[in-house]
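Below, chains carry the letters A, B, ... as their sequence lines are ordered, and counting in each starts from 1.
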Protein chains: 2
Amino acid sequence: MSANIKESLYTATELATSLGVTSRTLRFYETKHLIQPKRVGNRRVYNYKDRARMQLILRGKRIGFPLDDIKEFLDLYDSDADRTPQIQLLVNKVENRIKQLTEQQQDIETTLDELREIHSIASETLKNKPKIRWSST
Amino acid sequence: MSANIKESLYTATELATSLGVTSRTLRFYETKHLIQPKRVGNRRVYNYKDRARMQLILRGKRIGFPLDDIKEFLDLYDSDADRTPQIQLLVNKVENRIKQLTEQQQDIETTLDELREIHSIASETLKNKPKIRWSST
DNA sequence: CTACTACTTTACGTTAACGTCAACTTAAAG
DNA sequence: CTTTAAGTTGACGTTAACGTAAAGTAGTAG
């Protein structure tokens, strides 16, 4: 039976397609040290950890963070708090990030409230208006 | 007594400064039809509605939306649902936006959970470690 | 072996969102 | 009146995040 590890390897095209990005994106993120794929010959191979890391990256992008911020978050995420000599720095950075995201949540909540109000008014208008039959020309 | 309206007018520099942006940003948003300031002579003047609109724009940016999306949202926000012939279109667009923001909220909540876990582990490590006194040099 | 496919690297292009700067115009101060 | 300050417009520069394409390399099929 083939080694389990073989079944979780992806080519660049496979990984890109499954995540809805391009191979160019993967190469670009590699130059930014966001991901570090291995090589078989001169071809990149990605494992499940690379894939998981990419998923975190894409979530960060959906939230609206620049790639440098995402890298910082991933480094926090991966850091071994038992060993880093700057645990206090880690705590501070994490607290800043939490604050930032909480503020973003509040902005979103405010915007959602407004959108729901617009939706309610517009729907009410649709319900109350008699259906107009337009004569075709 | 001077007209009330006079007191709510801003120059470009005044508005920019109060919002934490540059005059260049205001001019740029004008070319994108996000705002429409009036002119006194050849100088732009902004009223409280322009200011309020700018605040919505900046909130949209904080959430991570591109300016074109923000403009679309503002147009929804300003639209008079009683008159627009495409009320159903409005409803659809609003629903899509609500969906998008709700998904973004979920991404943020997931990220916050992870950050809080990191914070907890790191804080615990700090608490349990003996405080080290470094000799100064 | 050759031809084809699928990768690679390198490098320039594109888009979004302004920043920066030169040159000009207008309002206000002296 | 002149000088200064504070706007204006036009245009190029910068950064971030890739897209596109040319040229090269390696693996695979025939």
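For B:Q104 (side chain) and A:I63 (main-chain N/O), a donor-acceptor pair under 3.5 Å exists by modelled atom type.
Place A:F28 and A:V40 on DNA chain D by their nearest nucleotides, and A:F28 ends up nearer the 5' end. Checking A:R44 against B:G41, the closest nucleotide of DNA chain C that is more toward the 5' end is the one next to A:R44.
If you check every strand for non-hydrogen atoms under 4.0 Å, B:R27 touches a base. No contact: B:S23 has no heavy atom under 4.0 Å from any strand. Using a 4.0 Å heavy-atom criterion, one finds that B:Y29 contacts the sugar-phosphate atoms exclusively.
Close to C:dG19, at under 4.0 Å from its OP1 or OP2, lies a side-chain N or O of B:T25. When the side-chain nitrogen and oxygen atoms of B:T22 are compared with OP1 and OP2 of C:dC18, none of them lie within a distance under 4.0 Å. For the pair A:R39 and C:dT9, the criterion of a side-chain N or O lying under 4.0 Å from OP1 or OP2 is met.
At a threshold of 4.0 Å, the pair A:D69-A:K93 does not count as salt-bridged, since none of the basic side-chain nitrogens sits closer than that to a carboxylate oxygen. With respect to the salt-bridge test (charged N to carboxylate O, under 4.0 angstrom), the residues B:E103 and B:R97 do not qualify.
Here the C1' atom of nucleotide C:dT25 and the CZ atom of B:R43 are 9 Å apart, to the nearest Å. Atom CD in A:E14 sits roughly 12 Å away from atom P in C:dA6 (whole-Å rounding). If you measure from atom CZ of B:R24 to atom P of C:dC21, you get 14 Å, rounded to the nearest angstrom.
When the shell of 6.0 Å around CD of B:E117 is examined, it contains 12 or fewer heavy atoms from other residues, nucleotides or ligands.
For DNA chain D, the span of nucleotides reached by chain B at under 4.0 Å from its heavy atoms goes, 5' to 3', from D:dA6 to D:dA11.
Side-chain atoms of B:R44 and B:Y10, non-hydrogen and from C-beta on, never get closer than 4.5 Å to each other.
In this model, a donor atom of one side chain and an acceptor atom of the other lie less than 3.5 Å apart for B:T22 and B:T25. Side-chain polar atoms of A:R59 and B:T111 form a donor-acceptor pair below 3.5 angstrom.
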